[in-house]
Each structure stands twice: as structure tokens, then as C-alpha cells.
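Data first, discussion second: the structure below is written as C-alpha cells.
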Amino acid sequence: MTLSIRNQLPGTVTAITSGEVMATVGIRLTGGQNLTAAITKEAVTALGLAPGSPVRALVKSTEVALATGPVEGLSIRNQLPGTVTGITTGAAMASVKIAFDDIELTAAITKDAAEDLALAADTPVVALIKSTEVSLATP
């Protein structure tokens, strides 16, 4: 299956916490970073997830926000520190490539935000991703 989602991050399930309808799934990415996905219990069962299961975390680039440092007092669970490796700016939007260890992530943000944050190659950033915006796929 080919997907338009650019961010496909490989990892391994570390924990599953089930609620009535939803579950949170802890994932250790191949670079060692931790990520949390909030998916339905039905999806956990359909994917056959358990600790140790290999997965791909899928995140649309439009669901990745950027900060120039760690952010405290925020409900967003996923904060991945990295470095800008490239930026392409259009009239309204910017596509920002971020590397952390062996993984590359793309964020689509407004041109104004990219300028306000003074983003350029080698700028340290933190990618912010809500756990509800992380989908999971199995190999």
C-alpha cells in the first residue's frame, strides 16, 4: 500500500493502556525516542498489537507543530527534539525537514511561523504531535 503520509516512523510497541473505547500505545522509535498514539481498542485488536510488536507511526505533516525548545505545561505528549535539515518556503506555507537520530520528520507550517521562529538548516527544534494524531500500521 502506498500512502501520501510522509511521516512513517518505525518503532516497537512498549506498552498498551486500554480504556472503555480508546487505548494509548507507547512506542519506542528506532532512534530511541518515545512516542504515544491514542487509537481505538478495536484498532489495537485488529492490528494484533502487544508489547514487542513492530509498528509504523503515521503522522501527517500538517499535524506536526514546531517549537524552538521544550514546552512545559502543555497537554501534547509527543515532543521530539531534532534539528532542521532543510526548509522549502512557498507563498503561504513552509515544508520543514527535521532529523533526529536515524529518522526524518516533515512538518508543514505557515511561512509566517517559519519566519517568526527563524528556522533554517541546523536550527534545533522540538516537533510537537498530539497522540490522537498518530495512526499506527503493522508490517
Side-chain angles (χ1 to χ4, degrees):
M1 173 190 310
T2 304
L3 298 173
S4 65
I5 297 175
R6 292 186 235 177
N7 298 314
Q8 299 185 27
L9 314 174
T12 303
V13 173
T14 57
I16 299 171
T17 305
S18 289
E20 290 297 315
V21 176
M22 299 290 289
T24 57
V25 179
I27 302 149
R28 172 74 44 108
L29 300 177
T30 57
Q33 305 83 358
N34 292 311
L35 190 71
T36 300
I39 62 174
T40 64
K41 279 178 54 176
E42 184 178 328
V44 170
T45 301
L47 293 170
L49 298 181
S53 299
V55 294
R56 283 200 174 273
L58 309 173
V59 182
K60 290 177 61 176
S61 60
T62 53
E63 300 301 334
V64 179
L66 298 177
T68 54
V71 182
E72 294 185 26
L74 190 65
S75 67
I76 296 175
R77 307 291 2 133
N78 299 310
Q79 297 193 26
L80 304 172
T83 303
V84 173
T85 58
I87 184 167
T88 304
T89 305
M93 299 293 291
S95 177
V96 183
K97 302 273 188 203
I98 303 120
F100 47 99
D101 293 321
D102 65 339
I103 297 173
E104 183 175 82
L105 187 70
T106 300
I109 63 174
T110 65
K111 175 186 169 194
D112 291 344
E115 290 173 354
D116 289 348
L117 295 172
L119 297 181
D122 297 324
T123 302
V125 292
V126 177
L128 307 167
I129 308 165
K130 289 180 65 171
S131 59
T132 53
E133 299 302 332
V134 178
S135 297
L136 298 179
T138 53

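Quantities reported herein were computed from a predicted structural model and do not represent experimental measurements. Values below: every heavy atom of this structure, side chains too, minus hydrogens, waters and symmetry copies.
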- Task: Compare every heavy atom of S95 with every heavy atom of R6, then report the nearest pair and how far apart it is.
- Result: NH1-OG, 3.4 Å

Are [X] and [Y] linked, directly or through other ILVMFWY residues, by side chains that come within less than 4.5 angstrom of each other?
| X | Y | result |
| --- | --- | --- |
| M22 | V13 | no |
| V134 | I76 | no |
| M93 | L105 | no |
| L35 | L128 | no |
| V126 | I103 | no |

- Return yes if some donor-acceptor pair links the side-chain N/O of N78 with the main-chain N/O of T36 below 3.5 Å, else return no. yes

Which value, rounded to the nearest 0.5 Å, describes the distance between [X] atom [atom1] and [Y] atom [atom2]?
| X | Y | atom1 | atom2 | answer |
| --- | --- | --- | --- | --- |
| I16 | I39 | CD1 | CD1 | 7.5 Å |
| D101 | T30 | CG | OG1 | 8.0 Å |
| T106 | I87 | OG1 | CD1 | 11.5 Å |
| L29 | L80 | CG | CG | 6.5 Å |
| T12 | R28 | OG1 | CZ | 9.5 Å |

- Task: Go through the structure and list residues passing side chain to side chain contact (heavy atoms under 4.5 Å, CB included) with T17, not counting sequence neighbours.
- Result: T24

- Message: Could you tell me if the side chain of T123 sits less than 4.5 Å from the side chain of T83, heavy atoms only?
- Response: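 No. Closest side-chain heavy atoms not under 4.5 Å.
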
- Non-hydrogen side-chain atoms of K97 and V84 separated by less than 4.5 Å: no

[X] atom [atom1]: more than 12 heavy-atom contacts under 6.0 Å:
| X | atom1 | answer |
| --- | --- | --- |
| K130 | NZ | no |
| E115 | CD | yes |
| D122 | CG | no |

Residues 44-66, side-chain donor-acceptor partners within the protein, below 3.5 Å, at least two apart:
unit_1, atom_1, unit_2, atom_2, d
T45, OG1, K41, O, 3.3
S53, OG, A50, N, 3.0
S53, OG, A50, O, 2.8
R56, NH1, Q8, O, 3.2

- Dump the intermediate steps for side chain to side chain contact (heavy atoms under 4.5 Å, CB included) on T85 and E104, then the final yes or no. CA-CA 9 Å; T85 58; E104 183 175 82; 3.7 Å; yes

- Message: Pair L136, I27 - check side chain to side chain contact (heavy atoms under 4.5 Å, CB included), show working.
- Response: CA-CA 10 Å; L136 298 179; I27 302 149; 3.4 Å; yes

